[in-house]
K.L.:
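Input: one structure, supplied below.
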Amino acid sequence: MIRNSLLSGIILLSLSIHWQNNFNEAKVLAQKQHKFILLNFSGSDWCGPCIRLHKEILETPVFEKFADSSLIMVNADFPRMKKINYLPNSRKKTMQ
């Protein structure tokens, strides 16, 4: 019984979604692997519905299994409290 629980936990951990942050790389992967792209726009530290979507759907074992076999997941996160690290250096300077 304990052995089965441990195996289930290991399988669930191995199914976690690998999020892409670069849309161009995601397009290449999707084309190579013949998968669709799911582009998730999120405000991870302020958007209540976004947080709920992650907890109730995107982080479930059923969805993770589906995403692993059928989707390339791209996360476009726009938090309020974190620095914007994905902008090119020239744009960062103009925004300060």
Side-chain angles (χ1 to χ4, degrees):
M1 181 71 131
I2 293 174
R3 183 176 172 197
N4 289 343
S5 297
L6 288 173
L7 286 174
S8 297
I10 291 169
I11 291 169
L12 290 177
L13 287 174
S14 67
L15 287 177
S16 64
I17 294 173
H18 177 69
W19 290 94
Q20 300 291 322
N21 292 320
N22 184 310
F23 186 71
N24 290 326
E25 290 176 10
K27 287 193 302 186
V28 171
L29 279 174
Q31 191 172 23
K32 281 183 184 178
Q33 298 177 19
H34 304 287
K35 293 182 178 181
F36 292 103
I37 294 175
L38 187 144
L39 180 55
N40 178 55
F41 289 91
S42 178
S44 63
D45 64 353
W46 62 272
C47 176
C50 301
I51 294 166
R52 188 173 175 194
L53 174 69
H54 272 268
K55 287 182 181 177
E56 294 181 10
I57 296 174
L58 300 180
E59 295 175 359
T60 63
V62 171
F63 183 82
E64 288 178 348
K65 185 177 179 182
F66 169 73
D68 185 51
S69 66
S70 305
L71 301 172
I72 299 296
M73 304 290 289
V74 180
N75 195 33
D77 191 23
F78 299 93
R80 286 189 179 162
M81 303 304 286
K82 297 176 187 173
K83 285 186 176 181
I84 300 174
N85 291 326
Y86 53 85
L87 289 178
N89 288 334
S90 60
R91 287 196 56 202
K92 285 182 188 176
K93 290 175 186 173
T94 60
M95 291 181 68
Q96 293 176 352

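What's counted below: heavy atoms across the whole structure, side chains too, no hydrogens, waters or symmetry copies.
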K.L.:
Is the shortest side-chain heavy-atom distance between Asn40 and Met73 below 4.5 Å?
P.N.:
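No - every pair of side-chain heavy atoms lies 4.5 Å or more apart.
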K.L.:
With rounding to the nearest 0.5 Å, note down the distance linking SG in Cys50 to CG in Asp77.
P.N.:
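Here the interatomic distance stands at 8.5 Å.
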K.L.:
Atom NZ in Lys65, atom OG in Ser70: separation rounded to 0.5 Å?
P.N.:
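Atom-to-atom, Lys65:NZ and Ser70:OG are 11.0 Å apart.
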K.L.:
Counting N and O atoms only, with roles assigned by atom type, does the side chain of Lys35 sit under 3.5 Å from a partner on the main chain of Ala67, one being a donor and the other an acceptor?
P.N.:
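Here the side-chain-to-backbone pair does not exist.
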K.L.:
More than 12 foreign heavy atoms under 6.0 Å from CD of Gln33: is that the case here?
P.N.:
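More than 12 within 6.0 Å, yes.
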K.L.:
Examine Val74 and Val28 and state if one hydrophobic cluster contains both, with Ile, Leu, Val, Met, Phe, Trp and Tyr joined whenever side-chain heavy atoms are less than 4.5 Å apart.
P.N.:
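Result: no, two separate clusters.
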K.L.:
When you compare the side chain of Ile51 with that of Trp46, does any pair of heavy atoms fall below 4.5 Å?
P.N.:
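Heavy-atom side-chain distance check fails, nothing below 4.5 Å.
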K.L.:
I want to check something: taking the side chain as every heavy atom from C-beta on, are Leu58 and Leu53 in contact at a cut-off of under 4.5 Å?
P.N.:
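Answer yes - side chains close enough.
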K.L.:
For Glu25, what residues pass the side chain to side chain donor-acceptor pair (under 3.5 Å) criterion, not counting sequence neighbours?
P.N.:
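Scan of Glu25 (side chain to side chain donor-acceptor pair (under 3.5 Å), adjacent residues dropped) gives none.
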K.L.:
So, for Gln20 and His18, which heavy atoms are closest and what is the spacing to 0.1 Å?
P.N.:
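So the minimum-distance heavy-atom pair works out to NE2-CD2, 3.1 Å.
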K.L.:
Any heavy-atom pair between the side chains of Lys27 and Asn24 that's under 4.5 Å?
P.N.:
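Yes - at least one pair of side-chain heavy atoms lies under 4.5 Å apart.
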K.L.:
Give the intermediate values and the outcome of side chain to side chain contact (heavy atoms under 4.5 Å, CB included) for residues Phe66 and Leu71.
P.N.:
CA-CA 7 Å; Phe66 169 73; Leu71 301 172; 3.5 Å; yes
K.L.:
So how far is it from Ser44 OG to Arg80 CZ, rounded to the nearest 0.5 Å?
P.N.:
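Answer for the OG-CZ pair, Ser44 versus Arg80, is 11.5 Å.
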K.L.:
Starting at CG of Asn22, measure out to CG of Asn75 and round the result to the nearest 0.5 Å.
P.N.:
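Output value for this atom pair is 13.0 Å.
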K.L.:
Do the charged groups of Glu56 and Arg52 touch, with an N to O distance under 4.0 Å?
P.N.:
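Counted as a salt bridge, because a side-chain N and a carboxylate O are separated by less than 4.0 Å.
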K.L.:
Classify the ring geometry between Trp19 and His54 as parallel (under 30°), tilted (30 to 60°) or perpendicular (over 60°).
P.N.:
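Tilted.
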K.L.:
So do Phe63 and Ile17 actually touch side chain to side chain, heavy atoms under 4.5 Å?
P.N.:
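Yes. Closest side-chain heavy atoms under 4.5 Å.
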K.L.:
Just by modelled atom types, is the Pro79 backbone N or O under 3.5 Å from a matching donor or acceptor in the Asp45 side chain?
P.N.:
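Answer holds: no.
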